[in-house]
**Q** 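This is the structure, below, for whatever I ask next.
Both counts, for ligands and for their atoms, begin at 1 and track the order of listing. The first residue in the sequence is number 1, and the count goes up from there. Bear in mind the structure is a predicted one, so any value in this text is a computation, not a measurement.
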Amino acid sequence: MNYYELAIIGSYLDNLTYESEFECELLSEVIVPFGKQNKPHRAIILKELSKPNFMTKAIVEKTGCVLSKTQFELACFISYYYTCKLGFVLASFELLKPYETHAFNPLKSVSLSPLQSKAYDFLQAQSSSLLFADTGSGKTEIYIKLIEKYMQKGEQALLLMPEISLTPQMQKRLSVYFEDKFIMWHSKISKKKKDEALKALQNGEILLVAGARSALNLPFHKLGLIIVDEEHDNSYKANNKPYINARDLAVFLGQKHNIQVLLGSATPSLTSFYKQKHFRLKGTFYESEKEFIFDESDLGLSSLVLRELKTSLRAKKQAVIFLPSRANFRQVQCKNCGERIKCPFCSIAMSMYKNKNLLKCHYCSFVKPIDQSCPHCKGVMLEASKIGTAELCEQLKQALSEFSPNIAQFDRDKITSMTKLNAILKDFNEQKIDILVGTSMLAKGHDYHSVDLSVILGLDEFLFRPNYKASEECLALAMQVAGRAGRKGKARVLIQSKQKAFFQTYIKDYDQFLQDELENRKNLYPPFKRLLRLVIEHKEQRKAKELCEFLAREFKKLKSAELIGFGSCAIELINAKWRFYLLLRSHTHTNLIKIAQFAQQYKEVSADIDPNDFS
Ligand SMILES: [Zn+2]
Ligand SMILES: [Zn+2]
């Protein structure tokens with residue numbers, strides 16, 4: 001009889017021991033009886049064991065699929081670094097039978113400008129590096145050239161990008177060079193497309209995957225290159241357990257497996273800028289000139305904003321408007337007692353949707369009719385504030401009625417599928433839409449050729465969030481939105497902010513910002529220090545608080561890490577659970593991982609290493 005240690009795919013449990021009459025290969029997938037009812041379940045063979053002194057269940061059969069070595073290393077690292085069980089991590093991995101890949105010579109090869117060639121020569125010689133390239137300077141051509149190099153050797157390449165960039169335009173662009181040797185992969189992929197993609201991968205035909213975060217877990221059997229486009233983007237960080245950061249995992253895989261890693265961005269993260277060798281690609285491919293206009297009025301449709309929009313409409317040009325929130329208004333407040341109307345399950349102001357006559361919580365999706373009087377003082381002077389995309393669209397239609405412009409809303413309320421995303425981008429590119437009003441979705445690298453005005457509203461609140469990365473993320477967002485205008489020719493960028501000095505200093509000079517911000521963070525924050533955030537959630541406020549205070553007392557005794565804050569979370573209630581946090585800092589991640597492991601003995605605690613979210 002053979003005995004094996006197995007990871008049960010999708011299980012929160014530790015690894016288990018099973019017996020088998022037949023021999024099983026390490027890292028192969030098997031079916032085992034699992035749980036009280038012995039239901040068939042997928043599992044991975046991890047280790048051969050000697051006969052244990054307890055009863056074991058028998059493995060039913062082999063499936064023929066395996067976890068590739070790269071996948072196994074990645075899963076083990078995620079399990080260790082983000083402190084969660086291996087079986088649970090494996091649930092998001094796709095498995096295939098072993099396969100071979102074949103070299104491919106693209107019919108059409110990309111041609112680079114002298115400057116792009118210089119960048120390429122530098123980058124291709126590094127095991128990992130950063131391409132710090134202005135918007136429109138042509139970084140995609142450099143990616144394509146590098147991918148070609150690996151394809152010619154029969155090695156696979158992974159091109160990671162934010163989900164929203166995986167558009168038909170991108171598919172078309174890649175197919176010019178890579179014909180049918182690539183697949184697109186994202187979280188909203190249909191079952192049919194997914195099966196087709198996996199089948200093509202299994203046949204060894206696929207040498208390139210262009211995909212979102214989850215593509216990192218695909219069964220690559222000969223991965224030679226990972227490119228992380230828009231590497232600064234927050235969508236690489238998961239907001240559920242395990243709280244992985246796909247960019248960091250790509251860098252890890254690169255070091256571990258001799259895979260080349262290239263990160264790219266027009267506004268690189270401070271961490272990558274500090275840690276990676278970089279090439280600075282300046283200038284835009286198309287001649288472009290930007291004029292920056294500052295508007296210090298309060299949030300909303302000011303006369304200056306209207307004036308600039310009219311200028312664009314008269315010139316038959318297009319405009320994009322960025323706004324941080326959706327709905328009509330993000331807040332409804334009582335003028336009498338000052339209370340905001342909050343979700344009963346979350347300590348969050350409810351957003352107002354006028355047409356549907358309802359208030360909605362953007363955290364737990366709870367909805368209720370719009371209150372007619374204040375629930376606290378019964379006063380009737382309710383006032384909506386913090387304008388959202390839907391309201392701005394309505395106000396624009398009225399204020400610009402003489403032009404009867406086509407205005408479209410571009411946010412998570414409207415863009416609920418890839419089909420809708422593609423439809424709206426197509427209409428905008430064909431100039432069927434004059435003004436696109438959207439949230440951070442707007443900032444992603446879509447190319448719009450007739451936009452001569454970018455309007456950026458409501459960033460101040462973003463700038464003052466209690467997050468050490470607030471100014472970095474805020475400036476990056478402003479620059480990304482600004483970059484949507486003037487891909488060809490002159491353009492104006494209007495920034496509505498009371499922080500004119502900050503934007504004026506840095507909006508044209510991200511390089512200087514990175515230098516200054518490095519100074520600000522020294523000895524305090526990443527990339528110089530590591531952070532761990534623990535969040536305790538409990539239905540009873542007292543219990544959550546007690547556990548938080550107990551852990552705080554324990555952590556204050558530590559020498560390996562410093563407790564820099566604890567207490568009630570900024571959003572103290574979500575989904576009827578009270579939330580408390582502890583924030584720890586150390587010079588190494590190993591110390592923090594030990595703390596995370598200790599704290600997670602308590603099931604109310606979740607650990608987020610290298611956190612992005614401090615709410
Ligand atoms: Zn009131
Ligand atoms: Zn809620």
**Q** Determine whether the aromatic ring centres of Phe294 and Phe503 lie less than 6.0 Å apart.
**A** no
**Q** Strictly under 2.8 Å, is any N, O or S atom of Cys374 next to the Zn ion (ligand 1)?
**A** yes
**Q** If you measure from the Lys or Arg side-chain nitrogens to the Asp or Glu carboxylate oxygens, is any gap between Arg326 and Asp413 under 4.0 Å?
**A** yes
**Q** Can Glu562 and Arg585 be counted as an ion pair, charged N to O under 4.0 angstrom?
**A** yes
**Q** Would Arg579 and Tyr581 count as a cation-pi pair here, with the cationic atom under 6.0 angstrom from the ring centre and within 45° of the axis?
**A**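 Judged by the rule (NZ or CZ under 6.0 Å from the ring centre, within 45° of its axis), Arg579 is not positioned above Tyr581.
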**Q** Please determine which of Leu218, Leu158, Leu216 meets the side chain to side chain contact (heavy atoms under 4.5 Å, CB included) test together with Trp185.
**A**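 Result for side chain to side chain contact (heavy atoms under 4.5 Å, CB included) with Trp185: Leu218.
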**Q** Tell me whether the rings of Tyr12 and Phe88 are parallel (<30°), tilted (30 to 60°) or perpendicular (>60°).
**A** parallel
**Q** Leaving out waters, which are not shown anyway, how many protein N, O or S atoms lie closer than 2.8 Å to the Zn ion (ligand 2)?
**A** 4
